[in-house]
Amino acid sequence: MCHRPPPLDTTVKQRRKGVSAMKRHVVDYLTDYEKRYELPVVRPVRVEAVHRDGGHLRVETDAGVWCARAVISATGAWWRPFIPAVPGRTEFAGVQLHTVGYRRPADLAGQKVVVVGGGNSGAQIAADLVHATDVVWATRRSPRFLADAIDGRALFDHATARRRALDEGRTDTGGVASLGDIVAVPAVREARDAGLLKAQPMFHRLTATGIEWDDGTHAEADTIIWCTGFRPALSHLAPLGLRGSRGRISTTGTRALGEPRLHLLGYGDWTGPASATLIGVGRPAREAAAAIAELLRLA
């Protein structure tokens with residue numbers, strides 16, 4: 001039986017000191033949005049599972065159970081760390097970290113470190129470590145640095161232009177990805193220009209003491225840092241049996257094909273172009289709201 005759990009304390013905790021002005025601005029915007037529209041946000045709540053329950057979807061959480069005629073899952077694509085199944089990964093005797101576990105160069109001072117990944121995180125962590133460690137930066141393809149003049153505003157403008165083109169039915173410009181993979185922030189730019197930030201081809205396997213390439217070349221390592229991204233957090237939807245072979249849930253727009261009462265929002269282009277960004281999520285969010293309103297009207 002479904003019941004509504006008791007109200008939770010929704011007081012917003014004091015924001016951490018030292019966050020960037022942009023991050024503060026975004027948090028302020030979302031907080032003000034929540035207050036302006038008096039949204040009944042309940043936090044903190046962890047959703048453990050979503051089940052079919054007759055005419056409803058039963059949402060089981062660590063704070064109780066809700067029954068809903070429709071559910072929007074918006075847990076995002078940046079919560080579940082991904083580490084690829086590289087041969088020998090279980091044989092390596094050193095320390096393996098994901099991006100989320102890295103803190104500061106001093107923690108690894110004097111070590112032999114391998115940084116894996118050709119995106120922003122890989123480049124920034126490798127640049128952070130060049131003076132404190134003996135670092136190898138391994139990437140699957142040659143790094144693509146954005147022009148030094150490209151900053152956050154330019155990226156925002158480019159993403160906006162892509163969103164406008166798609167809305168108007170014009171050719172997809174490719175968005176930010178068409179410019180490159182790595183933002184040349186000062187630390188990355190300085191390490192690159194000093195010749196300290198050079199990528200090596202991706203290795204073939206891990207050994208007990210390090211990494212090994214196809215030609216048998218070996219490099220020792222004390223620590224491997226996997227800057228290999230994240231995967232969508234969808235485990236709470238497992239009871240619905242909707243995930244395909246690639247781990248995604250097939251959708252038409254934002255609606256799950258196998259469960260019309262479920263919408264997925266904010267997981268990237270497969271749930272709407274740039275839908276994992278604040279600027280891109282608007283259109284698919286409106287479409288999801290309209291579809292749910294129609295579903296409830298017909299129910």
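Reckoned from all heavy atoms, side chains included, excluding hydrogens, waters and symmetry mates. The residues of the chain are indexed from 1 along the displayed sequence.
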Engineer: Just by distance, do the side chain of His56 and the backbone of His51 share a donor-acceptor pair under 3.5 Å?
Structural biologist: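 Judged by distance alone, no pair lies under 3.5 Å.
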Engineer: Would you indicate whether Glu294, at its atom CD, is surrounded by more than 12 heavy atoms from other residues, nucleotides or ligands within a distance under 6.0 Å?
Structural biologist: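 More than 12 within 6.0 Å, yes.
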Engineer: Within 45° of the ring axis of Tyr267 and under 6.0 Å from its six-membered ring centre, is that where the NZ or CZ of Arg248 lies?
Structural biologist: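 Geometry flag: not set, cation outside 6.0 Å or 45°.
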Engineer: Considering only residues two or more places apart or on different chains, which pairs with a residue in residues 226-235 satisfy salt bridge (charged side-chain N to carboxylate O under 4.0 Å, His left out)?
Structural biologist: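 Listed by first then second residue: nothing to list.
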Engineer: Excluding sequence neighbours, so at least two apart, what forms side chain to side chain contact (heavy atoms under 4.5 Å, CB included) with Thr252?
Structural biologist: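 Result, side chain to side chain contact (heavy atoms under 4.5 Å, CB included) vs Thr252: Arg255, Leu257.
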Engineer: Could you walk me through whether Ile211 and Val86 satisfy the side chain to side chain contact (heavy atoms under 4.5 Å, CB included) test, starting with their C-alpha distance in whole Å, then the side-chain angles of each, then the deciding distance to 0.1 Å, before giving a yes or no?
Structural biologist: CA-CA 10 Å; Ile211 58 176; Val86 175; over 6 Å; no
Engineer: Using modelled atom types and a 3.5 Å cut-off, is there a donor and acceptor pairing between side-chain atoms of Thr207 and backbone atoms of Gly210?
Structural biologist: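 The answer is yes, because a donor-acceptor pair under 3.5 Å joins these two groups.
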Engineer: Any donor-acceptor pair under 3.5 Å linking the side chain of Arg80 with the backbone of Pro232?
Structural biologist: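 Answer holds: yes.
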Engineer: Measure the shortest side-chain to side-chain distance between Leu237 and Arg243 over non-hydrogen atoms and say whether it is less than 4.5 angstrom.
Structural biologist: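 Heavy-atom side-chain distance check fails, nothing below 4.5 Å.
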Engineer: Membership question, hydrophobic clusters at under 4.5 Å side-chain separation (ILVMFWY): are Phe203 and Phe92 in the same one?
Structural biologist: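 Linked, Phe92 and Phe203 end up in one cluster.
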Engineer: Please collect all salt bridge (charged side-chain N to carboxylate O under 4.0 Å, His left out) contacts where either partner lies in residues 107-118, sequence neighbours excluded, each pair once.
Structural biologist: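 Sorted pair list: Arg104-Asp107, Lys112-Asp134.
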Engineer: With distance as the sole test, does Thr251 use its side chain to make a donor-acceptor pair with the main-chain N or O of Thr254 at under 3.5 Å?
Structural biologist: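 No.
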Engineer: About how many Å separate CE of Met202 and CG of Asp214, when rounded to the nearest 0.5 Å?
Structural biologist: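 The distance works out to 10.5 Å.
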Engineer: Does any N or O in the side chain of Trp213 come within less than 3.5 Å of the main-chain N or O of Pro201, such that one atom is a donor and the other an acceptor?
Structural biologist: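 Pair found, side chain donor or acceptor close to backbone of Pro201.
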Engineer: Rounded to the nearest 0.5 Å, how far apart are CG of Leu129 and CH2 of Trp137?
Structural biologist: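 Here the interatomic distance stands at 12.5 Å.
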Engineer: Do Asp62 and Glu48 pass the side chain to side chain contact (heavy atoms under 4.5 Å, CB included) test, and can you show the C-alpha distance, the side-chain angles, and the key distance before you say yes or no?
Structural biologist: CA-CA 7 Å; Asp62 60 358; Glu48 297 166 344; 3.6 Å; yes
Engineer: Could you go through the side chain to side chain contact (heavy atoms under 4.5 Å, CB included) check for Arg69 and Leu296 one step at a time?
Structural biologist: CA-CA 7 Å; Arg69 292 162 67 189; Leu296 298 182; 3.6 Å; yes
Engineer: Okay, side chain of Thr228, backbone of Phe82: is any donor-acceptor separation there less than 3.5 Å?
Structural biologist: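 Checking the backbone N and O of Phe82 against the side chain of Thr228, a donor-acceptor pair under 3.5 Å is found.
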Engineer: Going from CZ on Arg58 to CD on Glu60, what distance comes out if it is rounded to the nearest 0.5 angstrom?
Structural biologist: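 Rounded to the nearest 0.5 Å, the CZ-CD separation comes out at 4.5 Å.
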Engineer: Between Arg261 and Val71, is a side chain to side chain contact (heavy atoms under 4.5 Å, CB included) present by the stated rule, with each step listed?
Structural biologist: CA-CA 6 Å; Arg261 296 170 294 185; Val71 169; over 6 Å; no
Engineer: Is Gln124 reaching over with its side chain to a backbone N or O of Val185, donor-acceptor style, under 3.5 angstrom?
Structural biologist: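 Not a single qualifying donor-acceptor pair exists.
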